[in-house]
Protein chains: 2
Amino acid sequence: MWEKWMRRALELAALAEGRTSPNPLVGALVLDQTGRLVGEGFHSRAGEPHAEVGALAQAGEAARGGTLVVTLEPCCHHGRTPPCSEAVIRAGIARVVVALKDPDPRVAGGGIAQLRQAGVEVIADVLREAAEEQNHAFLHRLKTGRPWGVLKWAMSLDGRTALPNGLSQWISGPPARAWVHRLRAGCDAVVVGGGTVRADDPLLTSRGQRLPEPLRVVLSRSLDLPEKARLWDVDPAPTVVAHGPEAAGRSLVCGPERLPLEECEPKALMQALANRGCNRVLWECGPKLAAIALRQGCIQEVAAVVAPKLMGGMAARTPLGDLGLQRMEDVPTGMLQHPIGIGDDWLMRFRLRACIDFNR
Amino acid sequence: MWEKWMRRALELAALAEGRTSPNPLVGALVLDQTGRLVGEGFHSRAGEPHAEVGALAQAGEAARGGTLVVTLEPCCHHGRTPPCSEAVIRAGIARVVVALKDPDPRVAGGGIAQLRQAGVEVIADVLREAAEEQNHAFLHRLKTGRPWGVLKWAMSLDGRTALPNGLSQWISGPPARAWVHRLRAGCDAVVVGGGTVRADDPLLTSRGQRLPEPLRVVLSRSLDLPEKARLWDVDPAPTVVAHGPEAAGRSLVCGPERLPLEECEPKALMQALANRGCNRVLWECGPKLAAIALRQGCIQEVAAVVAPKLMGGMAARTPLGDLGLQRMEDVPTGMLQHPIGIGDDWLMRFRLRACIDFNR
């Protein structure tokens, strides 16, 4: 019977998609003693009240003896906001229905234990898998210390991302390119290499669909970057240039922030981005950097736009550089979701099987 | 009101899919004077009776004063079987409903004219587009003198058809490979180059789903072919080795038939295959031959199986060799149909826009 209300709580949580990092998405609702809906809330962004607080405030006195349905275990620690478990108890809630235990080590079951100790009935694991799916990026970061990586490319049906002479604008149609802006809006950062800046001079924003815009990141070994680039104008969105110690002494163009890494590798960049609160990072780089990011476990998902075109060319650019694979059994596999038509193109989303080990 | 019956006639025609070449698919049915279905027929293979004849025979005397619904204009010429227009008149049919005028220059409206002259009412163009679609391969051959070409490949999501070291077995899963057997069953011939024989030693049959099996064709400039290959055993299916005049003096392994061409080019091969009665030819060749076939207008359709894998590799084989394109505006486009899931893989069917001119 709680599934129906939990589904509603998940819908509430989804209202803030792409805006809560480093926090997870959370939705909550309150039913009074008779089972009537009396309050709804969701976590809108880090620093703002938690979902339970909004729902309880809306319910007011009607919460007493009622049920709180919440997608994530109420927190029991003082963070930027006071612990929710105490607010729940204080509101006189008799029963809490939870989808997902909070994997944050500061909570990890402590919220549920505190509620039970106070005599509140707790029903856990209701629509747990759906809640895990909704917060897969957040959960991945907590588990691995790195953001969830999405690799995006547009290609012709024959797997080309440029003509042999390097031309690539445009492979996909305007609706698919607009979809990429929406994809960016769901990410906390967008990464390219220096080569993409030089070749395409991209803007890399969500075109205002996410405010603030995702962080634009250039990973550059050499800092050999063009003097002028749309990314250096940080009015539309912030830009950082990440580099390793070998470029520490080199100067940087005006505008972007500098992000020194211990080594100029995707892995180190992803750790630095996790430290800045990124849950989900989009890679829009060329094939060589994409292959390195994949080999270093920085890619969990691929979003490939397939255009109804044949570009050909033995020397033409393709989505992925060398992965060092010698046997078909070692090829990374995963799950291709049902393709979605966008204009004349097809979006294919692919989720890599976890725990791919390139170093076998 | 005739659409419903024409749809049934198209269904009847489809029963012989892949088996009527060089003839088209044709289905027919007879309604008696009161509109009751009294006969059905379809053309099962070249040399066998036409669809109308079967339907009229089944209807017998009930055809008198009735309606014949047929997907293709009744023929008016003596071919391997006597003209159907005469049989229709003789049976006392009062009305003929036709989807498609026969583009065969020996008919081309003559059948309809003959019927009208005999006082039979003729309603034409009912579900014409569906009938054109059903016989697109036959219509293409009549229009161009060449069979409809389908290029098939299996690739990873990143557009690779082999690992950098050349390994490629298997990219797609068993259900997709079984689907390829079905695809072959709908074709009159399957073409590979010498390189594919050397690298993969393929069998290229429909595994008995089409009898006789499609003609297996090796296009070889040099006749530098392996001594042993599964294709040389012509018990399961016939094999021909096509070559140009430069290899005329060279000897050939035992088993396959020799098919000398004026030049060793896909275009010349397709003309020769049209002369042998092929309406639809499947290309299962490597990237270089595929690119030449495409440039020479021998490919109308692509069937790409996309596997949930990432294979990578700058040097890895990709589906299509160089097309000599310099501008994105010149890239061949077309229509990507709704992908179909086959096991873990996705089938993407692509139809090229007609009249692509690579020589602009």
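Only heavy atoms go into these numbers, but all of them, side chains included; no hydrogens, no water, no symmetry mates.
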Drop me the distance from [X]'s [atom1] to [Y]'s [atom2], to the nearest 0.5 angstrom.
X: B:Leu310; Y: A:Leu151; atom1: CG; atom2: CG; result: 8.0 Å
X: A:Arg160; Y: B:Leu323; atom1: CZ; atom2: CG; result: 8.5 Å
X: A:Lys309; Y: B:Leu336; atom1: NZ; atom2: CG; result: 11.0 Å

Are any non-hydrogen side-chain atoms of A:Phe350 and B:Asp158 less than 4.5 angstrom apart?
->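 Contact flag for A:Phe350/B:Asp158 side chains = no.
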
Does the side chain of A:Gln326 come within less than 4.5 Å of B:Asn165's, by heavy atoms?
->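 B:Asn165 vs A:Gln326: side chains touch.
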
Of all heavy-atom pairs between B:Met311 and A:Val331, which one has the smallest distance, and what is that distance?
-> CG-CG1, 3.7 Å

In terms of heavy-atom contacts, B:Met328 and A:Ile171 come closest through CE-CG1, 3.7 Å

Pick one of side chain, backbone, both or neither for [X], based on which atoms fall under 4.5 Å of a heavy atom in chain B.
X: A:Ala304; answer: side chain
X: A:Ser168; answer: backbone
X: A:Trp170; answer: backbone

Does CD in B:Glu129 sit with more than 12 non-hydrogen atoms of other residues, nucleotides or ligands closer than 6.0 Å?
-> no

Using a cut-off of 6.0 Å, state whether more than 12 heavy atoms not belonging to A:Asp200 lie near its atom CG.
->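 Atom CG in A:Asp200 is crowded, with more than 12 foreign heavy atoms closer than 6.0 Å.
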
Go through the atoms of B:Val306 and report whether side chain, backbone, both or neither lie under 4.5 Å from a heavy atom of chain A.
->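 When you check distances to chain A, atoms from both the backbone and side chain of B:Val306 fall under 4.5 Å.
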
Where does B:Ala307 contact chain A at under 4.5 Å (heavy atoms): side chain, backbone, both or neither?
-> backbone

For each of B:Pro339, B:Pro319, B:Gly159, tally heavy-atom pairs with chain A at distances under 4.5 Å, and name the one with the top tally.
->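 So the answer, after comparing B:Pro339, B:Pro319, B:Gly159, is B:Pro339.
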
